[in-house]
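Working notes, beginning with the structure itself.
Here is how names work: the chains are called A, B, and so on, in the same order as the sequence lines, proteins then strands, and each is numbered from 1. Values in this document were obtained by computation on a predicted structure and should not be read as measured data.
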There are 2 protein chains.
Amino acid sequence: MNNDFLNWKGLRRTDPDRPRPLADAVLRLIWEEHRISRADIALRAGLSRSTVSEIVGEILPLGLVAEMGEGPSSGGRRPIVLEFQDDACVILGVEMGAAHVAVALTNLRGAVLAWESREHPVRSDPPGTRRVIAELCAKCLAAPAAAGRPLVGVGVAVPSPVDPSQPDRLSTIVLPAWEEKLGLESLGEQYGVPLFVDNDANLGALAEQWWGLEEDVDHLAYIKVATGIGSGHIIDGEIYRGATGVAGEIGHIAIDPQGERCICGLRGCLVTLVGAQALVARAAALVADYPDSALAGGEFTVHDIEDAALAGDPLALQVVCEAAGHLGTAIAGLMNLMNPSVVVLGGGFARLRDLILDPLRERIRNRTLVDSVAAAEIRFSELGPQSVAIGAATLVLKAALGDSSLFPLIESSAEASQ
Amino acid sequence: MNNDFLNWKGLRRTDPDRPRPLADAVLRLIWEEHRISRADIALRAGLSRSTVSEIVGEILPLGLVAEMGEGPSSGGRRPIVLEFQDDACVILGVEMGAAHVAVALTNLRGAVLAWESREHPVRSDPPGTRRVIAELCAKCLAAPAAAGRPLVGVGVAVPSPVDPSQPDRLSTIVLPAWEEKLGLESLGEQYGVPLFVDNDANLGALAEQWWGLEEDVDHLAYIKVATGIGSGHIIDGEIYRGATGVAGEIGHIAIDPQGERCICGLRGCLVTLVGAQALVARAAALVADYPDSALAGGEFTVHDIEDAALAGDPLALQVVCEAAGHLGTAIAGLMNLMNPSVVVLGGGFARLRDLILDPLRERIRNRTLVDSVAAAEIRFSELGPQSVAIGAATLVLKAALGDSSLFPLIESSAEASQ
DNA sequence: CATACTTTGATCGGTTACCGTACAAAGGGC
DNA sequence: GCCCTTTGTACGGTAACCGATCAAAGTATG
């Protein structure tokens with residue numbers, strides 16, 4: 001509640017320092033529709049045509065929207081088509097993983113224009129990580145696709161909970177060496193753009209919601225199964241962070257009280273059954289029963305197990321299906337509580353796709369009481385390993401579409417208007 | 001997303017049919033502050049004094065706010081104190097339980113002015129239930145405290161998921177005899193007021209958030225343990241319903257895969273370990289080991305177990321503590337996923353209070369990985385058995401404070417202004 | 001106790017951002 | 001060729017905010 005009564009039910013005092021309150025809404029509508037005429041804007045937004053004309057007149061010089069000839073007549077004068085210029089600006093999305101850094105340069109439609117990635121001990125080396133990030137960002141901005149295009153902002157995905165009220169503060173538990181400080185302000189200052197930070201799983205969820213689905217979905221869960229297990233949530237169209245920014249910890253949900261002991265001190269957490277180490281251990285334990293397996297006799301990693309499963313190896317399939325079943329139990333619990341309409345699976349484990357889909361679906365069907373919960377769609381990430389970095393860029397785009405003053409001014413906007 | 005781009009980040013077109021957009025915000029502020037001067041409103045709301053004066057001039061004749069003399073001077077002219085008239089109107093809150101109906105008549109501050117309750121086979125007898133509801137509502141409105149006070153609206157809590165988009169539709173699974181129709185429109189029409197419907201656990205959560213806590217809490221979970229187990233959630237200050245209105249089903253979360261078989265067809269759901277039947281069965285199974293127990297030799301109900309536990313009976317304590325442990329496991333999972341700042345326990349089981357608090361807290365501490373998750377406060381319902389009905393009334397109040405045109409006009413508003 | 005300064009609340013003119021109406025341009029259909 | 005539509009623009013009107021000003025009624029200060 002606090003001081004937000006002005007926003008109660010969308011009411012808001014007209015902001016005096018920024019021009020025309022509805023301009024942002026119109027700009028966003030044009031973004032959503034890609035190409036739209038003034039008359040259609042008026043129709044869709046419930047504004048009068050005169051107002052829309054005026055607003056568009058103010059928006060055009062920003063260079064984000066251009067008039068692109070005329071559209072087909074529907075029995076009268078042919079409309080002037082306004083088109084959002086997806087490539088007017090670029091955005092940097094940074095992913096900090098546990099052991100790597102990746103940077104994506106995107107346009108205003110989530111398309112990746114440049115991609116840089118490097119292994120790095122992020123956990124233990126904060127200053128080096130900051131240097132690597134700066135370097136990869138510079139490399140991306142030097143790409144030909146970025147030439148002459150101004151930067152909107154930098155989004156950063158961190159492998160740590162992010163408190164909405166203190167975005168620059170990191171959790172001591174997950175990243176103790178960082179001493180609670182992200183320390184990337186200089187990155188934004190260097191380019192003169194704002195910096196946005198959020199949790200990696202949340203940004204994966206954001207990316208999947210914005211770019212991975214055809215339909216508009218307001219309730220989405222993104223589950224990343226790799227070394228660890230994380231999940232991010234979109235609720236009512238917004239990233240869900242919870243009271244202290246730690247929502248979505250699915251990794252330590254109890255699956256089996258008689259199970260293995262977990263690093264968190266308990267037994268039978270999901271990570272003890274589905275994490276990378278768990279899969280390797282399980283396969284090693286079963287290898288005696290499958291002497292013909294491709295994994296028999298030698299060291300192997302999760303990656304090897306996944307490859308073997310995709311090749312049809314019985315041992316790998318056994319391990320993978322068991323894990324999928326456990327994952328299904330956890331996802332069912334998540335669905336019962338959060339009731340998403342789509343669950344997106346990402347991370348290395350999602351490579352297996354059809355191999356794990358059936359055991360997953362069956363377990364979920366069994367464990368969800370209400371039909372409409374079970375009706376949620378289970379699908380795999382369309383963005384793959386880039387989803388988190390793209391999500392970081394999307395965070396910036398989302399902010400700019402909500403407050404168009406964040407968009408940089410574009411000089412050469414005269415040539416665009418035909 | 002849909003058509004809501006006008007509400008994107010609080011932007012909204014000025015609504016032409018209703019006067020003065022910010023009037024609602026000012027009215028709500030006065031409600032929040034109880035007593036406040038015009039100057040303080042301007043300060044708190046960031047409006048100019050002239051605007052506030054004008055708005056208050058329009059609000060006063062509604063009868064919801066009255067000038068109550070002057071307050072203390074702070075070095076200048078003494079302010080005129082505006083006071084929200086909590087008793088200007090009344091609200092009906094209806095609770096439909098599995099086997100009973102209860103109706104609360106409240107004022108505009110959640111105080112219960114009249115209370116009617118009756119056992120009734122709600123599940124199997126829709127028409128009879130509707131009659132009982134109408135009867136109890138009439139009884140409440142006939143109470144002296146309601147004399148001359150206009151009704152704002154009727155809120156109804158149903159023991160069934162409620163789809164936000166179709167509030168009048170009931171789930172076939174939970175209440176098959178109702179054939180998906182609530183059929184209470186006539187109740188609202190009879191009094192000429194709007195009808196609001198939501199899930200009972202959600203409304204319990206709403207009531208606890210609005211009236212049960214001293215501080216403002218935006219993330220709250222309400223867990224009701226009685227015959228069954230339900231949970232309702234407040235997220236970012238709003239009732240959380242999920243994509244299809246089924247969020248918060250905590251009862252069938254998996255606790256023990258080797259546990260008892262559940263009506264949902266699985267093993268080890270929370271209800272098989274903590275529900276009323278589960279407690280009775282567990283006590284019956286242990287009664288041989290406790291020949292001196294008050295429960296030995298004879299039939300008993302959950303209520304008896306609770307009473308015995310409160311009296312210090314070892315058998316009952318054993319049963320109750322085990323159940324609290326299981327409940328703690330489920331709550332820990334919920335906290336990891338939803339990250340609330342307060343968890344409120346309601347229902348009959350919450351009577352045990354201190355008896356279950358320790359095993360509950362311990363289990364939660366063990367099962368929550370992140371400190372800030374575990375830092376959530378666990379407390380017991382302050383509203384007790386009335387919480388759901390009060391929540392139903394609160395739903396109406398919340399709607400009216402968001403759209404003051406829902407408040408009825410009050411005739412005798414002249415006498416109030418001193 | 002008179003004076004200066006504060007604080008509150010009301011009044012009034014000004015501004016902004018919207019609307020509706022009117023109109024010109026440019027099309028389709030009979 | 002005529003009439004009717006549709007699009008985009010121009011212009012006056014209006015609702016809802018602000019700032020400045022002022023009267024009323026208090027406190028602080030000499």
Side-chain angles (χ1 to χ4, degrees), chain A residues 6 10-27 29-30 33 35-60 65-83 404 417-418, chain B residues 6 10-27 29-30 33 35-60 65-83 404 417-418:
Chain A
L6 282 178
L11 289 173
R12 190 199 193 82
R13 177 178 150 225
T14 32
D15 210 339
D17 47 333
R18 282 209 299 121
R20 211 168 281 280
L22 290 183
D24 286 358
V26 169
L27 182 63
L29 178 59
I30 300 173
E33 300 289 326
R35 324 177 84 242
I36 189 172
S37 68
R38 290 169 173 81
D40 281 343
I41 293 173
L43 219 62
R44 297 263 290 108
L47 300 171
S48 70
R49 289 205 314 278
S50 47
T51 303
V52 172
S53 252
E54 213 171 336
I55 290 175
V56 168
E58 291 173 15
I59 286 179
L60 278 177
V65 172
E67 298 185 331
M68 302 300 280
E70 298 181 332
S73 160
S74 59
R77 171 176 170 178
R78 282 157 62 181
I80 304 171
V81 175
L82 300 167
E83 191 183 73
S404 61
S417 58
Q418 189 209 5
Chain B
L6 282 178
L11 289 172
R12 191 200 192 84
R13 180 178 147 224
T14 33
D15 208 339
D17 47 333
R18 283 208 300 119
R20 209 169 282 277
L22 290 183
D24 286 358
V26 169
L27 183 62
L29 178 58
I30 300 174
E33 300 289 327
R35 327 178 80 245
I36 190 174
S37 69
R38 288 168 172 83
D40 281 344
I41 293 174
L43 218 62
R44 295 262 291 111
L47 301 170
S48 69
R49 289 206 315 275
S50 49
T51 303
V52 172
S53 255
E54 213 173 334
I55 289 176
V56 169
E58 290 173 16
I59 285 180
L60 279 176
V65 173
E67 298 185 329
M68 302 300 280
E70 298 180 332
S73 160
S74 59
R77 171 175 169 179
R78 281 155 64 180
I80 305 173
V81 175
L82 300 167
E83 190 182 72
S404 61
S417 58
Q418 189 210 4

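Under 3.5 Å, the side chain of A:S50 and the base of C:dG20 form at least one donor-acceptor pair of N or O atoms.
Proximity of A:L22 to A:T51: side-chain heavy atoms (C-beta onward) are nowhere separated by under 4.5 Å. Two residues are said to be in side-chain contact when any heavy atoms from C-beta on lie closer than 4.5 Å; B:I41 and B:L82 meet this criterion. In this structure, the side chains of A:V65 and A:L27 come closer than 4.5 Å at one or more pairs of heavy atoms.
Atom CZ of B:R78 is separated from atom C1' of D:dA25 by 9 Å (rounded to the nearest Å). At whole-Å resolution of the value, CG in A:L43 and P in D:dT5 are 16 Å apart. Separating the CD atom of B:E54 from the P atom of C:dA10 is a distance of 11 Å, rounded to the nearest angstrom. To the nearest angstrom, C1' of D:dT5 lies 11 Å from CZ of A:R49. The CD1 atom of A:I36 sits 15 Å away from the C1' atom of D:dG8 (whole-angstrom rounding). Separating the CZ atom of A:R20 from the P atom of C:dT15 is a distance of 16 Å, rounded to the nearest angstrom. We find that CD of A:E58 is positioned 12 Å from P of C:dT16, with the value rounded to whole Å. Atom C1' of nucleotide C:dA25 and atom CD of A:E70 are separated by 10 Å, given to the nearest angstrom.
The listed nucleotides are D:dG19, D:dC17, C:dC19; the one nearest the side chain of B:L47 is D:dC17.
An OP1 or OP2 oxygen of C:dC19 is reached within less than 4.0 angstrom by a side-chain nitrogen or oxygen of A:S48. Contact check, B:T51 against D:dC18: a side-chain N or O comes under 4.0 Å of OP1 or OP2. For the OP1/OP2 pair of C:dG28 and a distance below 4.0 Å, the side-chain nitrogens and oxygens of A:R77 include no atom meeting the criterion. Contact between the side-chain N/O atoms of A:S53 and the OP1/OP2 oxygens of D:dT9 is found at a separation under 4.0 Å. Between B:R38 and C:dT8 there is no side-chain N or O to OP1 or OP2 distance below 4.0 Å.
Taking CD of B:E58 as the start and CZ of B:R20 as the end, the distance is 4.0 Å to the nearest 0.5 Å. Distance check, rounded to the nearest 0.5 Å: CG of A:L47 to CG of A:L29 gives 9.0 Å.
Map A:V52 and A:S74 each onto its nearest nucleotide of DNA chain C; the residue landing nearer the 5' end is A:V52. Of the two residues contacting DNA chain D, namely B:I55 and A:P79, the nearest-nucleotide position lying further toward the 5' end is that of A:P79.
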